[in-house]
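Take a look at the structure below.
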Amino acid sequence: MRLRKLVYRNARPLDYTKWNFLFENGSCDGFLQVLASYQNEDGGFGHNLECNNWNPNSSPYTVCIALDELDAAGKRESVIKSKIIAGILKYVSSEAYLLEDGWVGMQGIPGNNDFAHMPWFHFDSEKAARADIGVTKRLADFILQYGDRDSLIYRKAEGLKERYGQCGQVLLHGYPDYDPIALNIENYDPAVYPAWLPLPVYFVNSPESSFYPACRDTVERNLDTIIDTLLGTQEFSFPSDRELAAFEQSNPHPDGGRWCVAEQTIGNYYWGSHFIIRDLDILGKFGRLDFELPVIRE
């Protein structure tokens, strides 16, 4: 009940309708209608779909974020879902930001600099000149699943799939270059695992995964951690002036500006509900929703 109230009070419409669909027998189409509102005429996605990038224009990376959201619909078929997929196919077929070796990543978009964004979205000319493996693999897999086999983009996706077929790096929940082998997720050690990365359980994703048998212990430890985190979840709050100043000092803006503008305050606030939904969803996939939150009198 407490987590529901937090989501009800604080979530943006996308996350609220996702909560309603996943946990309260709500409408999948209602959720997809909100997701579709982030889709541009060119079929790509923008408009702060990723909470820390306010560029309204389409980019390959933001399309990948949309695909993550679309995954929540599972195998359900609907007119809205079909229109979203058709739009994405239109966008990737335009070959926007597609290099010979794949699509550029989150820092390969010059237009990001024209809108509020965090440092990891700031344009980098070197990164704009090379493909992002995780983004490329994600989009290639989408094209091979939904695209026209006779289309040029399908043939290019086949080539990219073959090119990166032996590479373990993936785009996981928006985090680029997640490599489960290099991270040794089978022998997960929280003392050395990067704290800013999603826990390995999000990569494994379900008991049906081929990675699950070898990672069973890791998964159970991660699920315990997630439950502890949810048990400790309190009212969302904005960062203090001291915290904002410390972030700016440790991440100097290359153009002399500030990262923590009003839009970012709003965007960061959205993450609270997003993470609650993400965490409850993964617990549900592994049958671990049987925990109880302590009652806090309001």
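Counting from 1, the numbers follow the sequence of the chain as shown.
- Taking 4.5 Å as the limit, every side-chain heavy atom of F203 sits out of range of all side-chain heavy atoms of C215.
- Distance alone, capped at 3.5 Å, places no donor-acceptor pair between the R130 side chain and the V104 backbone.
- Not one N or O on the side chain of S209 forms a donor-acceptor pair closer than 3.5 Å with the backbone of S206.
- Under the 3.5 Å distance criterion, the side-chain polar atoms of W259 are matched with a main-chain donor or acceptor of N251.
- Between D71 and R138 there is a salt bridge, since a side-chain N of the basic residue sits under 4.0 Å from a carboxylate O of the acidic one.
- A donor-acceptor contact closer than 3.5 angstrom links the side chains of S58 and D42.
- With a 6.0 Å radius and a threshold of 12 heavy atoms from other residues, nucleotides or ligands, D241 has its CG atom at or below the threshold.
- Put simply, the side chain of D281 never gets that close to the backbone of I277: no donor and acceptor are under 3.5 Å apart.
- Between I282 and L223, the shortest heavy-atom distance links the atoms O-CD2, 4.3 Å.
- Of the possible polar contacts, none joining the Q33 side chain to the I80 backbone as a donor-acceptor pair under 3.5 Å is found.
- Using a 4.5 Å cut-off on side-chain heavy atoms (C-beta onward), P119 and F247 make contact.
- Judged purely by atom type and a 3.5 angstrom limit, W103 has no side-chain atom pairing as donor or acceptor with the backbone of L139.
- Side-chain atoms of P194 and L183, non-hydrogen and from C-beta on, do get closer than 4.5 Å to each other.
- The closest side-chain heavy-atom distance from N55 to H117 is not below 4.5 Å.
- Y270 and L14 fall into different hydrophobic clusters, where Ile, Leu, Val, Met, Phe, Trp and Tyr are joined by side-chain heavy atoms under 4.5 Å apart, directly or via other members.
- Atoms OG and NZ, on S93 and K156 in that order, are 10.0 Å from each other to the nearest 0.5 Å.
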Side chain to side chain contact (heavy atoms under 4.5 Å, CB included) between Y154 and L144, intermediate numbers included: CA-CA 6 Å; Y154 191 95; L144 295 177; 3.6 Å; yes
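- Between I133 and C167, the closest heavy-atom pair is CG2-SG, 3.8 Å.
- Here CG of N112 is found 11.5 Å from CG of D124. Values are rounded to the nearest 0.5 Å.
- A donor-acceptor distance shorter than 3.5 angstrom exists from the side chain of N40 to the backbone of P56, with no hydrogens or angles considered.
- Interatomic distance, CD1 of I227 versus CG of N222, reported as 11.5 Å (0.5 Å rounding).
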Derivation of the side chain to side chain contact (heavy atoms under 4.5 Å, CB included) call for Q264 and W54: CA-CA 8 Å; Q264 290 306 338; W54 288 72; 3.7 Å; yes
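- Contact record, A72 with F21: O-CE2, 3.2 Å, taken as the closest heavy-atom pair.
- For the pair R221 and Y188, the NZ or CZ position fails the cation-pi test of under 6.0 Å to the six-membered ring centre and within 45 degrees of the ring normal.
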Check against side chain to side chain contact (heavy atoms under 4.5 Å, CB included), N53 and Y61: CA-CA 11 Å; N53 184 15; Y61 174 85; 5.8 Å; no
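- Salt bridge D15/R12: present, at least one basic N to carboxylate O contact under 4.0 Å.
- Between P207 and K285 the shortest heavy-atom distance is CD-O, 3.3 Å.
- Atoms CG and CD1, from L230 and I276 in turn, are 7.0 Å apart once rounded to the nearest 0.5 Å.
- For the pair Y193 and N184, the minimum side-chain heavy-atom distance is 4.5 Å or more.
- Ring planes of W271 and F275: parallel class, angle under 30° (limits at 30 and 60°).
- Around CG of N25, the count of heavy atoms belonging to other residues, nucleotides or ligands within 6.0 Å does not exceed 12.
- In this structure, the separation between CG on L171 and SG on C64 is 5.5 Å, given to the nearest 0.5 Å.
- Proximity of the aromatic rings of Y212 and F286 is defined here by a centroid distance below 6.0 angstrom, and this criterion is met.
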From CA spacing to verdict: side chain to side chain contact (heavy atoms under 4.5 Å, CB included), I185, Y178: CA-CA 11 Å; I185 65 172; Y178 186 92; 3.7 Å; yes
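- Side-chain heavy atoms closer than 4.5 Å link hydrophobic residues (I, L, V, M, F, W, Y) into clusters, and following such links, even through other members, never connects L244 to Y269.
- Of the N and O atoms on the side chains of Y202 and D279, at least one donor lies less than 3.5 Å from an acceptor on the other residue.
- Both I153 and V63 belong to a single network of hydrophobic side chains, linked directly or stepwise wherever heavy atoms of I, L, V, M, F, W or Y lie under 4.5 Å apart.
- Using a 4.5 Å cut-off between side-chain heavy atoms of Ile, Leu, Val, Met, Phe, Trp and Tyr, with links allowed through other members, L3 and L283 fall into the same hydrophobic cluster.
- Transitive grouping of hydrophobic side chains (ILVMFWY, heavy atoms separated by less than 4.5 Å) keeps F45 and F115 in distinct clusters.
- The backbone N or O of Q169 sits less than 3.5 Å from a side-chain atom of K137, completing a donor-acceptor pair.
- The two residues W19 and V7 have their closest heavy-atom pair at CE3-CG2, 3.8 Å.
- At least one side-chain heavy atom of H122 sits less than 4.5 Å from a side-chain heavy atom of N113.
- At distances below 3.5 Å, not a single donor-acceptor pair connects side-chain atoms of H47 with backbone N or O atoms of L49.
- Closest approach of I65 and G174 over heavy atoms only: CD1-CA, 3.8 Å.
- With contacts defined as side-chain heavy-atom distances shorter than 4.5 Å, the pair F31/E69 qualifies.
- Between D29 and R76 there is no salt bridge, since no side-chain N of the basic residue sits under 4.0 Å from a carboxylate O of the acidic one.
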From CA spacing to verdict: salt bridge (Lys or Arg N to Asp or Glu O under 4.0 Å), D132, K127: CA-CA 8 Å; D132 181 286; K127 293 185 178 180; over 6 Å; no
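- Summarising the local packing, CD of E24 is surrounded by more than 12 heavy atoms from other residues, nucleotides or ligands at distances under 6.0 Å.
- You'll find the side chain of I88 reaches within 4.5 Å of the side chain of L67, heavy atoms only.
- Once rounded to the nearest 0.5 Å, the distance linking CG of D148 with CD1 of I143 reads 11.5 Å.
- At least one donor-acceptor pair under 3.5 Å links the side chain of N48 to the backbone N or O of E50.
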